[in-house]
Amino acid sequence: MKITGKELMEIGYAEGKALGVALTLLEKEYAGTQQSEQLTILKDVLANPEAYAGHAKLSALAKELLTPVDDTIALLPEGKPYTTYGAEAIEQGAKDQMNVAVKLPVAVAGALMPDAHQGYGLPIGGVLATRNAVIPYGVGVDIGCRMCLTLYDLPVSMLDENKTALKKMLMNNTMFGTATFKYTKDHEIFARKEFEDIRIVKDLKDRAWKQIGSSGGGNHFVEFGEVNITSAINQFNVNPGRYLALLSHSGSRGLGATIAGHYTRIAMDVCKLPQEAKHLAWLDLDTEAGQEYWLAMNLAGDYASACHHQIHERMAVGLRATPLAMIENHHNFAWKEKDADGNEVIVHRKGATPAGKGVLGIIPGSMATPGFIVMGKGVSTSINSASHGAGRLMSRTKAKQSILQGQVDAMLKDAGVELIGAGLDEAPMAYKNIHEVMKSQEELVEVMGTFMPKIVRMCGDKKFQEAD
DNA sequence: ATGTTC
């Protein structure tokens with residue numbers, strides 16, 4: 001009778017390579033030794049592998065025990081099938097990233113939106129449904145980045161006739177980049193217990209207080225424009241027609257960015273994946289870290305919403321008017337939703353607009369092209385999603401190198417757009433044609449109306465623009 | 001996206 005692997009596991013050997021090495025050694029080197037002594041030796045090697053590193057017979061086993069266990073989680077050989085919308089205009093890097101994402105063992109389904117481009121982990125424009133797992137980089141760095149639109153029963157002619165006053169209103173009531181308000185407005189979100197219960201979130205409360213109501217950098221904006229409603233929005237009693245409107249695009253500022261970084265690091269520590277998938281590390285929702293991230297993510301989402309609401313409140317005061325309707329949606333977030341069979345899945349939308357049946361959303365174009373007010377059709381192959389914009393045609397670096405200010409100025413003049421702030425990296429020509437993108441997702445959303453920007457404010461912070 | 005490099 002020889003010692004079995006099962007017996008070795010009883011004395012503490014884990015299933016794996018070291019166990020195999022031990023069994024081989026017993027057979028080759030210790031065949032004549034009593035079993036009880038064999039077990040004693042192996043127990044001792046396991047307890048003190050360092051002591052046996054130079055041992056004539058046991059060094060191979062000691063070396064194996066001293067080698068860190070390879071705890072890399074393998075990707076599935078075959079990824080879950082997924083639908084790509086507008087594939088012909090999507091860069092290969094984004095497709096490659098999606099192909100990796102659907103091979104995660106926790107992946108249930110995926111979809112790629114027509115504005116997709118390469119990001120960290122999941123591509124921007126990527127949608128991924130998982131089982132009981134949340135991927136911090138599947139949500140993105142700017143947790144709860146979102147759109148908010150208010151419609152006013154005010155004459156559209158104000159955009160021309162009161163341009164100076166509206167510009168001033170934007171200058172006085174919005175803050176971009178590193179700028180914050182001297183007098184911040186309180187918000188009920190600061191009473192949330194997550195600010196007490198979660199250490200990392202607690203440490204971020206002061207900065208969140210300073211930044212509330214402000215907008216970020218990059219592609220974030222607050223703009224006045226003309227909305228043309230073509231299909232009545234019954235839930236708000238908004239009839240077809242032209243409306244003065246305010247549209248904002250911003251996220252959760254330092255709060256969300258720090259939460260994202262913190263939990264991504266934890267995820268990458270506990271969930272080791274092959275190199276090409278390492279940024280897709282997930283947190284099991286049954287773990288403490290997973291539950292904490294879920295709460296922190298939801299807080300950051302609500303904070304992003306609160307920032308937009310304060311922006312719109314300040315502007316409503318400036319306009320001395322009450323909005324007819326407010327339409328808003330996150331496009332960097334994870335939601336608990338049901339799949340076709342009624343099972344709960346975690347749907348990550350990283351730069352994708354929720355488009356469940358009857359769900360309203362905003363898909364912006366660029367500073368000189370229209371955005372769209374849409375109603376989702378609830379198409380399951382897109383995991384109830386649509387694009388979150390036109391999508392970049394070129395990187396920020398390439399845009400800054402190849403686009404001339406004069407070209408942008410001419411384009412803005414043509415479109416009748418007044419721009420405050422923004423660098424060449426946000427030039428309209430750095431983006432795909434929004435009309436083509438909308439065509440690629442006709443089956444996903446119904447267009448209820450358009451928004452044409454007229455007075456646009458973006459981040460004018462030079463330091464910000466020189467970065468990346 | 002980001003007190004823009006823990």
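In the text below, chain A, chain B and the rest are named by the order of the sequence lines, each starting its count at 1. Note that the coordinates shown come from a computational prediction; the quantities given were computed from them, not determined experimentally.
Distance Tyr120(A) OH to dT5(B) P: 10 Å, rounded to the nearest Å. Note: CD1 (Ile266(A)) to P (dC6(B)) measures 17 Å, nearest angstrom. Taking atom CG of residue Asp142(A) and atom P of nucleotide dT2(B), one finds them 6 Å apart after rounding to whole Å. The interatomic distance linking Asp425(A) (CG) with dT4(B) (P) rounds to 18 Å, in whole Å. Going from atom NE2 of His262(A) over to atom C1' of dC6(B) covers 13 Å, rounded to whole Å. Distance, Leu204(A) CG to dG3(B) C1': 11 Å, rounded to whole Å. Straight-line distance from the NE2 atom of His330(A) to the C1' atom of dA1(B): 15 Å, rounded to whole Å. Ile124(A) places its CD1 atom 9 Å from the C1' atom of dA1(B), with the value rounded to the nearest Å.
For dA1(B), the OP1/OP2 oxygens have a side-chain nitrogen or oxygen of Arg396(A) closer than 4.0 Å. Distances shorter than 4.0 Å separate none of the side-chain N or O atoms of Arg253(A) from OP1 or OP2 on dA1(B). In this structure, Asn332(A) does not reach the dA1(B) phosphate: none of its side-chain N or O atoms is under 4.0 Å from OP1 or OP2.
Residues Tyr85(A) and Thr381(A) have side chains that bring a donor and an acceptor to within less than 3.5 angstrom of each other.
Residue contacts shown for Gly254(A) are limited to sugar-phosphate atoms, with no base heavy atom under 4.0 Å away.
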Check residues 444-455 of chain A and write down every donor-acceptor pair under 3.5 Å in which the side-chain atom is one partner and the other belongs to a residue at least two apart or another chain.
| unit_1 | atom_1 | unit_2 | atom_2 | d |
| --- | --- | --- | --- | --- |
| Lys454(A) | NZ | Ala415(A) | O | 3.1 |

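Among pairs with a residue in residues 112-130 of chain A, those fulfilling side chain to side chain donor-acceptor pair (under 3.5 Å) read Asp115(A)-His388(A), at least two apart in sequence or across chains.
You'll find that the side chain of Arg265(A) is closest to dC6(B), out of dG3(B), dA1(B), dC6(B). Comparing atom distances between the Val141(A) side chain and each of dA1(B), dG3(B), dT4(B) picks out dA1(B) as nearest. Here dG3(B) is the nucleotide among dG3(B), dA1(B), dC6(B) with the atom lying nearest to any side-chain atom of Arg207(A). Nearest to the side chain of Thr178(A), among dA1(B), dT4(B), dG3(B), sits dT4(B).
At a threshold of 4.5 Å between non-hydrogen side-chain atoms, the residues Met438(A) and His435(A) do not count as touching.
Each of His308(A), Glu328(A), His331(A) was checked for a side chain to side chain donor-acceptor pair (under 3.5 Å) with Arg146(A), and the lone residue meeting it is Glu328(A).
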